[in-house]
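Just so it is clear, the model here is predicted, and its values are computed rather than measured. Order of listing sets the numbers, starting from 1, for every ligand and every atom in it.
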Amino acid sequence: MLADEFGREVTGVRVSLTDRCNFDCVYCHNEGLGDTRGPMDPQDDEMSTDDVVRFLEVAAEFDVDAVKFTGGEPMLRQDLEEIIERTPEQMEVSLTTNGTFLPGRAEALVDAGLERVNVSQDALDPEDFAAVTKSGAYEKVLEGVDAALEAGLDPVKLNMVVFEHTAGYVPEMVDHVARNEGMQLQLIEYMPELTGKPEWNVDIGRVHDWLAEQADEIEHREMHDRKRYWVSSDDGDGQGMVEIVDPVENPTFCANCHRVRVTHQGHLKGCLNRNDDLKPMGEMSKPEIREAYREVVANRVPYYGEYMIKNGDDEWELNDKYIEEYAGI
Ligand SMILES: Nc1nc2c(ncn2[C@@H]2O[C@H](COP(=O)(O)OP(=O)(O)OP(=O)(O)O)[C@@H](O)[C@H]2O)c(=O)[nH]1
Ligand SMILES: C[S@@+](CC[C@H](N)C(=O)[O-])C[C@H]1O[C@@H](n2cnc3c(N)ncnc32)[C@H](O)[C@@H]1O
Ligand code: SF4
Ligand code: SF4
């Protein structure tokens, strides 16, 4: 297994299969690449099925044991089932999706080897959902969650970005997953780094405090040192798990980051928040992939605490070291 100079072993890869999407969420960072708007048809710059599989085979050589497929909307790729089918056995396969294409396809994905799914659901009301996603597909998303549960995916994690538009829904969403077996909730701190609009920020510390009061049990996940709260439903009949993803200005989160990303164009990326460390994998032959992978892992640095450091006024600023290193890129 390869590790960077901060001792962070790379155990997982996150592969963006496309940057196309049928939604236009107001907050979307598109896994670090910006806008998802544009044509919906398959694009020439996307990695082919074989490219993705070859990359995964190389990652497996380096003992990577988990892959997350994401996007854009990864289910716009019609070869997703084939990619999953051809993913090396040793990898846990998970998917993050907006859920609209799960009805009718969830079973085939499971048959191909999908083990887990995260479905983005930011509200429990069609109008608020539409305001956030610029889409009227609320019912389809609910159907998608049901289809995933029926296909045996367990848990189905609901991803909710906590920001000004959604913060009021947190208690309702927590109760929703506590009542419904098989569902879990992932509350994702709104990340303004790539999308701007810091005015939408919500103090995630208050969400932690509220959950700590409600929780029957609290645990830590090794990945990113994330906290997980086990909370009972309001009627006392059920219990659900709520995980908080709080990467913003959080050096502990970055110190426990064990993932490398791949863009839909086949560029390796050491950190979600950076685009100055993109590394193309050439024609994507195995030797080229190996070399690029080794280099990207070796050059990974924690974003908060190393790439960004606190200045004398207690504000985050770019570490001079990296200004020089990447000057001109
Ligand atoms: N800054 C940062 N944000 C992350 C990272 N991993 C996840 N996130 C945020 O959390 C969002 C949801 O991630 P998902 O892909 O659904 O799942 P996950 O939480 O990473 O993985 P699992 O919980 O194992 O399914 C991402 O799109 C990011 O906004 C990370 O390494 N760094
Ligand atoms: C970029 S989407 C790609 C996968 C799929 N289209 C979806 O929405 O689930 C992956 C995750 O990133 C989250 N996300 C997007 N922009 C974000 C932001 N600015 N801050 C925090 N999370 C964000 C979304 O909520 C979603 O759960
Ligand atoms: S569904 Fe996912 S990729 Fe599409 S706009 Fe929303 S967050 Fe971005
Ligand atoms: S270093 Fe930090 S910001 Fe970058 S991907 Fe890892 S956790 Fe996210």
Side-chain angles (χ1 to χ4, degrees), residues 4 6 8 10-36 66-76 92-102 115-122 132-133 135 137 141 144 155-163 166 184-198 200-202 204 221-226 228 241 243-261 264 269-275 277 300-308:
D4 58 37
F6 298 84
R8 302 177 309 164
V10 175
T11 55
V13 289
R14 295 174 61 94
V15 181
S16 175
L17 292 174
T18 178
D19 77 339
R20 295 172 282 135
C21 190
N22 55 326
F23 282 12
D24 186 15
C25 301
V26 293
Y27 53 65
C28 184
H29 57 40
N30 192 11
E31 296 292 332
L33 293 179
D35 212 335
T36 51
V67 56
K68 163 86 69 196
F69 294 113
T70 179
E73 177 41 54
M75 290 197 69
L76 285 173
E92 184 213 40
V93 184
S94 65
L95 171 73
T96 296
T97 171
N98 65 29
T100 46
F101 303 110
L102 281 170
E115 288 161 83
R116 262 192 327 111
V117 69
N118 295 358
V119 181
S120 297
Q121 188 185 328
D122 290 307
V132 172
T133 60
S135 148
V141 173
V156 174
K157 267 193 189 176
L158 304 184
N159 271 354
M160 175 183 184
V161 177
V162 182
F163 71 131
T166 56
Q184 297 185 343
L185 180 62
Q186 188 156 254
L187 296 173
I188 306 168
E189 182 178 20
Y190 166 65
M191 298 170 48
E193 293 97 330
L194 295 155
T195 49
K197 306 257 188 220
W200 287 348
N201 285 351
V202 165
I204 203 76
R221 186 178 174 190
E222 206 264 327
M223 172 68 70
H224 296 139
D225 194 36
R226 300 178 186 184
R228 288 177 153 173
M241 196 279 280
E243 178 168 327
I244 296 202
V245 182
D246 51 359
V248 183
E249 300 179 5
N250 185 347
T252 309
F253 195 96
C254 294
N256 291 283
C257 174
H258 300 281
R259 294 162 162 181
V260 158
R261 290 160 195 271
H264 62 289
K269 183 166 155 60
C271 171
L272 172 65
N273 277 347
R274 292 176 56 187
N275 276 319
D277 65 346
R300 282 178 88 230
V301 303
Y303 186 77
Y304 289 109
E306 173 60 22
Y307 186 77
M308 300 291 285

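- Looking at Asn159 against ligand 2, only its side chain comes within 4.0 Å, counting heavy atoms.
- Considering backbone and side-chain atoms alike, Tyr27 places an N or O below 3.5 Å from some N or O of ligand 2.
- Side-chain atoms of Asn118 do not come within 3.5 Å of backbone N or O of Asn159 as any donor-acceptor pair.
- Protein contacts to atom 6 (Fe) of ligand 4 involving N, O or S atoms at a distance below 2.8 Å are Cys257 SG.
- The shortest separation from a heavy atom of Glu306 to ligand 4 is not under 4.0 Å, leaving the residue out of contact.
- For ligand 2, the atoms lying closer than 4.0 Å to a non-hydrogen atom of Tyr190 are 19 (N), 20 (N).
- By the criterion of a heavy-atom distance under 4.0 Å, neither the backbone nor the side chain of Asp122 is placed next to ligand 2.
- For ligand 2, the atoms closer than 4.0 angstrom to any heavy atom of Glu73 are 5 (C), 6 (N).
- Seen from the ring of Tyr307, Arg274 counts as a face-on cation partner, given the 6.0 Å and 45° thresholds.
- Every atom of ligand 2 is numbered from 1 in the order shown, and the set under 4.0 Å from a heavy atom of Thr97 is 5 (C), 7 (C), 9 (O).
- Using modelled atom types, no side-chain atom of Ser120 and backbone atom of Asn98 make a donor-acceptor pair closer than 3.5 Å.
- Using a 4.0 Å cut-off between heavy atoms, Arg221 contacts ligand 1 through its side chain alone, with no backbone atom that close.
- When atom types are taken as modelled, the side chain of Arg20 and the backbone of Pro74 share no donor-acceptor pair closer than 3.5 angstrom.
- With a heavy-atom cut-off of 4.0 Å, Glu92 does not touch ligand 1 at all.
- Of the possible polar contacts, none joining the Gln186 side chain to the Lys157 backbone as a donor-acceptor pair under 3.5 Å is found.
- By the salt bridge (charged side-chain N to carboxylate O under 4.0 Å, His left out) test, Asp246 is found to be paired with no residue, residues two or more places apart in sequence or in another chain being considered.
- For Arg261, every heavy-atom contact with ligand 1 shorter than 4.0 Å involves the side chain, none the backbone.
- Taking a cut-off of under 4.0 Å to the non-hydrogen atoms of Asn98, the atoms of ligand 2 that pass are 5 (C), 7 (C), 9 (O).
- Below 3.5 Å of separation, one finds no N or O of Thr70 facing any N or O of ligand 2.
- Taking all heavy atoms of Lys68, Gln186, His29 into account, the minimum distance to atom 28 (C) of ligand 1 is reached by His29.
- With distances taken over non-hydrogen atoms, the option nearest atom 15 (O) of ligand 1 out of Glu189, Arg259, Arg14 is Arg14.
- Within the set Gly72, Gly196, Gly71, the minimum heavy-atom distance to atom 5 (C) of ligand 2 is found for Gly72.
- With hydrogens and angles left out, the side-chain atoms of Glu249 and Tyr303 include no donor and acceptor closer than 3.5 Å.
- Near Asn118, the atoms of ligand 1 lying under 4.0 angstrom from a non-hydrogen atom of the residue are 14 (P), 16 (O), 17 (O), 22 (P), 25 (O).
- Atoms of ligand 2 lying under 4.0 Å from any heavy atom of Ile188, numbered from 1 in the order shown and given with element: 21 (C), 22 (N), 27 (O).
- Close contacts between ligand 2 and Ser120 involve ligand atoms 7 (C), 8 (O), 9 (O), 25 (O), 26 (C), 27 (O) [criterion: under 4.0 Å to a heavy atom].
- Atom NZ in Lys269 sits 7.0 Å away from atom CZ in Arg261 (nearest 0.5 Å).
- Side-chain atoms of Val15 and Thr70, non-hydrogen and from C-beta on, never get closer than 4.5 Å to each other.
- Nearest to atom 18 (P) of ligand 1 by heavy atom, out of Met223, Glu193, Arg226, His224, is Arg226.
- When every heavy atom of Met191 is checked against every heavy atom of Leu272, the shortest pair comes out as CE-CD2, 3.3 Å.
- In summary, the atoms of ligand 4 found under 4.0 Å from a heavy atom of Arg8, numbered by their order in the structure, are 1 (S).
- Residue contacts with ligand 1 include Ile188, since one of its heavy atoms falls under 4.0 Å from the ligand.
- Under the ring pair (Phe, Tyr, Trp, His ring centres under 6.0 Å) criterion, Phe163 pairs with Tyr27, His165, Tyr190, Trp200, sequence neighbours left out.
- Closest approach of Asn256 and Glu222 over heavy atoms only: CB-O, 3.8 Å.
- A heavy-atom distance below 4.5 Å is found between the side chains of Val156 and Val119.
- Residues Glu73 and Asn22 have side chains that never bring a donor and an acceptor to within less than 3.5 angstrom of each other.
- Within ligand 2, the atoms closer than 4.0 Å to a non-hydrogen atom of Thr96 are 4 (C), 5 (C), 9 (O), 10 (C), numbered from 1 in the order shown.
- Using 4.0 Å as the threshold, Thr70 has no heavy atom nearer than that to any atom of ligand 1.
- In this structure, the side chain to side chain contact (heavy atoms under 4.5 Å, CB included) partners of Pro155, at least two apart in sequence or on a different chain, are Arg116, Gln184.
- Under 4.0 angstrom from ligand 2, the non-hydrogen atoms of Glu189 all belong to its backbone.
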